[in-house]
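Taking it in order: structure first as structure tokens, then the write-up.
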Amino acid sequence: MKIEIGRLRQEPGAVEAFDFFLSPEGGEEDYVLLTPIHVTGTLTNGGNDFRLAGRLVAKVQLVCSRCLSPVEQDLAVDVEEDYDYDEFPDIDPSIDLGDIAGQIWVTSIPMQVFCRKDCKGLCLQCGKNLNEGDCSCPKEEVDPRLAALKDLFQK
Ligand SMILES: [Zn+2]
Ligand SMILES: [Zn+2]
């Protein structure tokens, strides 16, 4: 999605509104886009710079940091950014907003999500999802160093 900035550059105060959908091509991200990213906002000639004000919205599927089950989330990212005129040379009469929005989006994916506030996670011994019920592993906390010793004696 490119925005023509020829007119915008000449008129301080001029505003260009945008509203488009972005569907980034795959990648190695650890999330799945369930909808295209809806990008809306305005680009304003601020006198000395371009002011970008917008919002990125999409439904994503992330992975719970504790139990690794899928978590659907509506993600909304507000963007406010100023760009010097110099960042967009005169020879290029347009700004690639799709590119800019894509970069902002990638840095906005939360690093940590939980399927629910009190997610119990996985059992460290058998890997069972403890939200689905207890497993039969012994419950006492075993000091890993002691556990190693115990293993030695059993051999
Ligand atoms: Zn979880
Ligand atoms: Zn277990």
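Order of listing sets the numbers, starting from 1, for every ligand and every atom in it.
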Out of Asp82, Leu8, Asp84, which residue meets the side chain to side chain contact (heavy atoms under 4.5 Å, CB included) rule with Phe50?
Leu8
Checking Met111, Gln112, Gln73 against Leu62 for side chain to side chain contact (heavy atoms under 4.5 Å, CB included), the one that qualifies is Gln73
Decide whether Leu122 and Val71 are clustered together by the hydrophobic rule: side chain heavy atoms of Ile, Leu, Val, Met, Phe, Trp, Tyr closer than 4.5 Å, transitively.
no
On a heavy-atom basis, which atom in [X] and which in [Y] lie closest, and how many Å separate them?
{"X": "Leu43", "Y": "Phe18", "answer": "N-CE2, 3.8 Å"}
{"X": "Trp105", "Y": "Val60", "answer": "CZ2-CG1, 3.7 Å"}
{"X": "Arg51", "Y": "Gly46", "answer": "NH2-O, 4.0 Å"}
{"X": "Glu16", "Y": "Glu4", "answer": "OE1-O, 3.9 Å"}

I'd like to know whether CD of Glu80 has more than 12 heavy-atom contacts from other residues, nucleotides or ligands below 6.0 angstrom.
no
Would you mind checking if Lys128 and Glu132 are paired as a salt bridge, meaning a charged N to carboxylate O distance below 4.0 Å?
no
Keeping waters out of it, list the protein N, O or S atoms under 2.8 Å from the Zn ion (ligand 1).
Cys64 SG, Cys67 SG, Cys115 SG, Cys119 SG
Which protein atoms of type N, O or S are found under 2.8 Å from the Zn ion (ligand 2)?
Cys123 SG, Cys126 SG, Cys135 SG, Cys137 SG
